[in-house]
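Report on one structure; see the data block that follows.
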Amino acid sequence: MTAETSQTLDRGLRVLKLLADTDHGLTVTELSTRLGVNRTVVYRLLATLEQHALVRRDIGGRARVGLGVLQLGRQVHPLVREAALPALRALAEDIGATAHLTLVDGSEALAVAVVEPTWTDYHVAYRAGFRHPLDRGAAGRAILAARNAVREGQSFDPGYALTHGELEAGASGAAAPLLGISGIEGSVGVVMLTDSVPERVGPRVVDAAREVAEALG
């Protein structure tokens, strides 16, 4: 800690990060151990976070991330979209296909930014706000591949997912996950009206995903 930082705020943020990393919540004792502070401090932190709906405690006393975090998350989407647009525009124009940035929203994949090419005679209509299951479509499959690699403690070489007809008949997709961004799961991809994805598209999507990750980092 430096003279310019707040120890209490730092601890509160660490509590949120710890809770976000678990599906089952944490007890006061578990948080106390992981933070290296006494239980009284943890109680005060949780009480303050609860007042802002950022934390909730169940009947058993386990603390979990609260619904207030969702409201904060919604405000992040416009910032992410703005940062990603230059790379998406370049991708759409280069490939001649609709490019999109997709983020995880609960158990679904949510398209938060979409750019259509300007020079093609036709392209797939794909709108921001479109949702689909994570296990369908190239965008979701790319995210799941990266997530599974992290859970298994494996290194994830930049790669891409290819699909055909999973979300729209006759349409193929290619997507690569965003890597190295704390707190964000997402992918960058394209969707096109072809029976198969040309070989050069996959590597180009990987490059675009790296550009977006750098812009967000």
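Each residue takes its place number in the sequence, starting with 1.
Under the salt bridge (charged side-chain N to carboxylate O under 4.0 Å, His left out) criterion, Glu108 pairs with Arg131, sequence neighbours left out. Legend: residues meeting ring pair (Phe, Tyr, Trp, His ring centres under 6.0 Å) with His123, ordered by chain and number and at least two apart, are absent. Not counting sequence neighbours, the partners of Ala213 by the side chain to side chain contact (heavy atoms under 4.5 Å, CB included) test are Ile181. Checked against salt bridge (charged side-chain N to carboxylate O under 4.0 Å, His left out), Asp121 has no partners two or more places apart in sequence or in another chain. Scanning for salt bridge (charged side-chain N to carboxylate O under 4.0 Å, His left out) contacts around Arg39 gives an empty result, with sequence neighbours left out. Not counting sequence neighbours, Ile59 has no partner by the side chain to side chain contact (heavy atoms under 4.5 Å, CB included) test. With sequence neighbours left out, the side chain to side chain contact (heavy atoms under 4.5 Å, CB included) criterion links Pro203 to Tyr160. Under the side chain to side chain donor-acceptor pair (under 3.5 Å) criterion, Arg62 pairs with Glu30, not counting sequence neighbours. Residues meeting the salt bridge (charged side-chain N to carboxylate O under 4.0 Å, His left out) test with Glu211, sequence neighbours left out: none.
Shown here for Pro177 and Ala146, the closest heavy-atom pair between the two residues is CB-CB, 3.8 Å. Here the shortest heavy-atom pairing between Ala63 and Leu19 reads O-CD2, 3.3 Å. Between Thr163 and Ala138 the shortest heavy-atom distance is OG1-N, 3.2 Å. Pairing each heavy atom of Ser196 with each of Ser172, the nearest pair is N-OG, 3.8 Å. Listed here is the closest heavy atom pair of Thr102 and Ala139: OG1-CB, 3.7 Å. Leu9 and Ser6 make their closest contact through N-OG, 3.2 Å (heavy atoms, listed as atom of the first residue, atom of the second, distance).
Hydrophobic cluster membership is shared by Val65 and Leu31, with clusters built from Ile, Leu, Val, Met, Phe, Trp and Tyr side chains linked at under 4.5 angstrom. At a threshold of 4.5 Å between side-chain heavy atoms, the hydrophobic network of Ile, Leu, Val, Met, Phe, Trp and Tyr places Ile184 and Leu85 in one connected group. At a threshold of 4.5 Å between side-chain heavy atoms, the hydrophobic network of Ile, Leu, Val, Met, Phe, Trp and Tyr places Leu88 and Phe130 in two separate groups. Placement of Leu193 and Val114 within a single hydrophobic cluster is found when ILVMFWY residues are connected by side-chain heavy-atom separations under 4.5 Å, directly or transitively. Linking Ile, Leu, Val, Met, Phe, Trp and Tyr residues whenever their side-chain heavy atoms come within less than 4.5 Å places Leu103 and Val190 in a single cluster.
Between the Thr33 side chain and the Thr29 main chain, a donor and an acceptor come within less than 3.5 Å of each other. Remark: side-chain polar atoms of Asn148 are paired, donor with acceptor, to backbone N or O of Leu144 under 3.5 angstrom.
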Side-chain donor-acceptor pairs under 3.5 Å in residues 44-54, sequence neighbours left out?
from	atom 1	to	atom 2	distance (Å)
Thr48	OG1	Arg44	O	3.0
Glu50	OE1	Arg57	NE	3.2
Glu50	OE1	Arg57	NH2	2.5

Which pairs of donor and acceptor atoms, one on a side chain in residues 89-99, lie under 3.5 Å apart (sequence neighbours left out)?
from	atom 1	to	atom 2	distance (Å)
Glu93	OE1	Thr118	OG1	3.0
Glu93	OE2	Thr118	N	2.8
Glu93	OE2	Thr118	OG1	3.1
Asp94	OD2	Arg204	NE	2.7
Thr98	OG1	Val124	O	2.7

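At least one side-chain heavy atom of Leu26 sits under 4.5 Å from a side-chain heavy atom of Arg34. Within the 4.5 Å cutoff, side-chain heavy atoms of Val37 are placed close to those of Arg11. Annotation: side chain of Arg14 is in contact with side chain of Leu35 (closest heavy-atom distance under 4.5 Å). In this structure, His132 and Glu166 have side chains that are not in contact, with every pair of non-hydrogen atoms separated by 4.5 Å or more. Counting heavy atoms from C-beta on, the side chains of Met192 and Val201 come closer than 4.5 Å. No side-chain heavy atom of Leu110 sits less than 4.5 Å from a side-chain heavy atom of Val104.
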Criterion side-chain contact (heavy atoms from CB on, under 4.5 Å) on Thr22 and Leu18, from CA distance to verdict: CA-CA 7 Å; Thr22 177; Leu18 288 171; over 6 Å; no

Arg64 and Val55: CA distance, side-chain angles, deciding distance, side-chain contact (heavy atoms from CB on, under 4.5 Å) verdict: CA-CA 6 Å; Arg64 303 171 188 270; Val55 164; over 6 Å; no

Residue pair Arg81, Leu101: steps toward the side-chain contact (heavy atoms from CB on, under 4.5 Å) verdict: CA-CA 8 Å; Arg81 184 184 307 118; Leu101 168 67; 5.7 Å; no

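Residue pairs meeting the side chain to side chain donor-acceptor pair (under 3.5 Å) criterion with at least one partner in residues 184-194, sequence neighbours excluded, are Arg147-Glu185.
Within a 6.0 Å sphere centred on CG of Asp58, other residues, nucleotides and ligands contribute more than 12 heavy atoms.
The structure places CG of Asp105 at 9.5 Å from CG of Leu134, a figure rounded to the nearest 0.5 Å. Put simply, CG on Leu216 and CD on Glu82 are 11.0 Å apart, with the number rounded to the nearest 0.5 Å.
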